[in-house]
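Notes follow the structure.
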Amino acid sequence: MTEIIRVENLSKKFINKKDKTEVLAVDNINFSVNSGEIFGFLGPNGAGKTTTIRMLACLLKPTLGNAFLNGMSILEDQENIRSIIGFLTENHGNYENLTVKQNLEFFGQFYNIQNLNERIENILEQFEMLDRIDMYAGELSKGLKQRLALARTLIHEPKILFFDEPTAGLDPIAAVKVRELIIKLKSRNRTIFINSHNLEEVQKVCDRVGIIDKGRIKRIGTSDEISKNLWEFRILEIKLKRLSDEIISQLSKLDFIKEIFPINGSIRIHLKDLEEFTPIIVEKVVKLGGKIISVEPIEYSLEDIYVKLMEDSKINQQSGEK
Ligand SMILES: Nc1ncnc2c1ncn2[C@@H]1O[C@H](COP(=O)(O)OP(=O)(O)O)[C@@H](O)[C@H]1O
Ligand SMILES: [Mg+2]
């Protein structure tokens, strides 16, 4: 795995013009993204996602820190960086009174592209929009407008794509279509960075997630990695051929088991350390004559993780205010 984006101590402070108050929109973040992955930057509104992506796309100067895209610094190599990135902003930015084709030609002319016409047709075919090539952008449905905007970001075959809230404001069906297209764009030579406040989207589309809140990164990793150490107790589910009260009462005597209860023919056990205690529990159940069908930890969803992190961050904030 090679690292294609590296963010080092990146910070952005805005000064509110009216009352001169300072907003620390991005507060000393550090992370990296590997080549070929779809990385999701997840956080509530105002968390600092757009500010971060704008700094990475060289549209906004950081107050402190640096970032490297394909080894090039956003402080020194803006010109070269622009040639290897595509950026889809929050509001799509198509020219409504130009046709689909003219929009792509207009954005294409900024890059030195051989066979621009062929390229445009290829992309539109990929995006199932070839039949709309001469329609005015203003006449397209919301979903198609967004697809055109995505197509635009690809015109110069960039290595890195930045999508800021790519499905915000779309109806569910159009959103699904856009997500499918994004997954199709995933390839070994292309890295996709998605800002989103939509958990479901991130869970469906992204290989790895960074969770940001109030300008700070709370967690980073796959949803599995993120959930590790987040909860004091993990849950183990053991499915038995036949549940017996004897097994439950014997297990509940083990002092490392926090809680145990039957559910739908299985036993659920809350414990601190799955890896350490699962083998001991399994051995005990077998000794007691239990016929085990399956033993599985209950995985937390990204939604569980997100809710928990936001709760923790509120608690920390409140205790900080006291
Ligand atoms: N140009 C600006 N001037 C002042 N404050 C800003 C500016 N842009 C963003 N902010 C503030 O920075 C914080 C982060 O904003 P943003 O990066 O847009 O968050 P997100 O994209 O996660 O919703 C917010 O508090 C926002 O009000
Ligand atoms: Mg935003």
Side-chain angles (χ1 to χ4, degrees), residues 5 7-31 33 38-67 69 74-75 78 85-94 142 145-146 149-150 152-153 160-170 174-175 178-179 182 192-206 208-220 226 302-303 305-314 316-318 320-321:
I5 302 176
V7 177
E8 291 181 350
N9 309 319
L10 201 63
S11 300
K12 182 72 193 181
K13 195 188 277 176
F14 291 112
I15 313 249
N16 192 324
K17 287 199 181 96
K18 276 188 196 147
D19 56 7
K20 302 278 183 252
T21 50
E22 289 180 351
V23 182
L24 197 50
V26 173
D27 185 5
N28 194 24
I29 59 173
N30 290 276
F31 65 96
V33 178
I38 304 188
F39 181 83
F41 212 38
L42 178 69
N45 285 331
K49 304 180 295 295
T50 297
T51 306
T52 302
I53 218 173
R54 291 185 69 217
M55 289 192 279
L56 296 181
C58 303
L59 296 174
L60 188 69
K61 264 202 156 129
T63 310
L64 278 174
N66 200 348
L69 278 71
I74 56 165
L75 302 179
Q78 290 97 342
I85 65 171
F87 184 25
L88 175 77
T89 55
E90 268 173 302
N91 29 25
H92 58 77
N94 299 322
K142 253 186 169 177
K145 280 181 184 163
Q146 190 66 339
L150 279 174
R152 262 177 31 215
T153 67
I160 305 175
L161 290 168
F162 291 109
F163 296 152
D164 198 0
E165 307 278 0
T167 61
L170 299 185
V178 164
R179 276 179 213 132
I182 293 175
I192 306 176
F193 187 112
I194 302 179
N195 272 356
S196 178
H197 66 275
N198 183 334
L199 277 159
E200 201 193 344
E201 170 160 291
V202 168
Q203 189 141 40
K204 283 197 176 131
V205 175
C206 301
R208 253 175 6 112
V209 216
I211 296 181
I212 180 169
D213 185 32
K214 301 185 186 76
R216 286 173 170 243
I217 294 200
K218 299 283 172 191
R219 294 275 158 151
I220 199 152
I226 288 177
L302 198 51
E303 180 161 14
I305 296 166
Y306 191 68
V307 168
K308 170 90 166 113
L309 280 171
M310 295 306 142
E311 277 170 1
D312 288 356
S313 121
K314 257 185 226 148
N316 288 340
Q317 201 189 2
Q318 280 161 1
E321 280 165 1

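Everything quoted here is computed from the prediction, not taken from an experiment. When a ligand or atom number is given, it counts from 1 through the structure's own listing order. Heavy atoms only: backbone and side chains are in, while hydrogens, waters and symmetry mates are out.
Residue contact annotation: Asn195 places no N/O/S atom under 2.8 Å from the Mg ion (ligand 2).
Relative orientation of the Phe193 and Phe31 rings is tilted, given thresholds of 30° and 60° on the angle between their planes.
The N/O atoms of Ala25, backbone and side chain alike, include none that comes under 3.5 Å of an N/O atom in ligand 1. Taking only nitrogen or oxygen atoms, main chain and side chain alike, Lys49 reaches within less than 3.5 Å of ligand 1.
Nearest non-hydrogen protein atom to atom 19 (O) of ligand 1 is Gly48 N, 3.2 Å. Among protein heavy atoms, atom 15 (O) of ligand 1 sits closest to Thr51 OG1, 3.8 Å. The closest protein non-hydrogen atom to atom 4 (C) of ligand 1 is Phe14 CB, 3.3 Å.
Closest approach between the Mg ion (ligand 2) and any N/O/S atom of Glu90 involves OE2.
Taking every non-hydrogen atom of Asn45 and a distance limit under 4.0 Å, the qualifying atoms of ligand 1 come out as 23 (O). For ligand 1 and Thr50, the ligand atoms under 4.0 Å from any heavy atom of the residue are 17 (O), 18 (O), 20 (P), 21 (O). For ligand 1, the atoms lying closer than 4.0 Å to a non-hydrogen atom of Pro44 are 22 (O).
Not a single protein heavy atom sits closer than 4.0 Å to atom 26 (C) of ligand 1.
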*Is there a side-chain hydrogen bond (donor to acceptor under 3.5 Å, both in side chains) between Asp19 and Thr21 once you walk through the steps?*
CA-CA 5 Å; Asp19 56 7; Thr21 50; 2.8 Å; yes
*From CA spacing to verdict: side-chain hydrogen bond (donor to acceptor under 3.5 Å, both in side chains), Asn9, Asn30*: CA-CA 5 Å; Asn9 309 319; Asn30 290 276; 3.2 Å; yes
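Heavy-atom distances between Gly46 and ligand 1 reach below 4.0 Å in at least one pair.
Looking only at distances, no side-chain donor or acceptor of Lys49 sits under 3.5 Å from a matching main-chain atom of Phe41.
When all heavy atoms of Asn195 and Pro166 are compared, the closest pair comes out as O-CD, 3.6 Å. Between Pro44 and Asp213 the shortest heavy-atom distance is CG-OD1, 3.5 Å. Of all the heavy atoms in Leu56 and Ile5, the pair that sits closest is CD1-CG2, 4.5 Å.
Leu88 has its side chain within reach of Gln146: a pair of non-hydrogen atoms, C-beta onward, lies under 4.5 Å apart.
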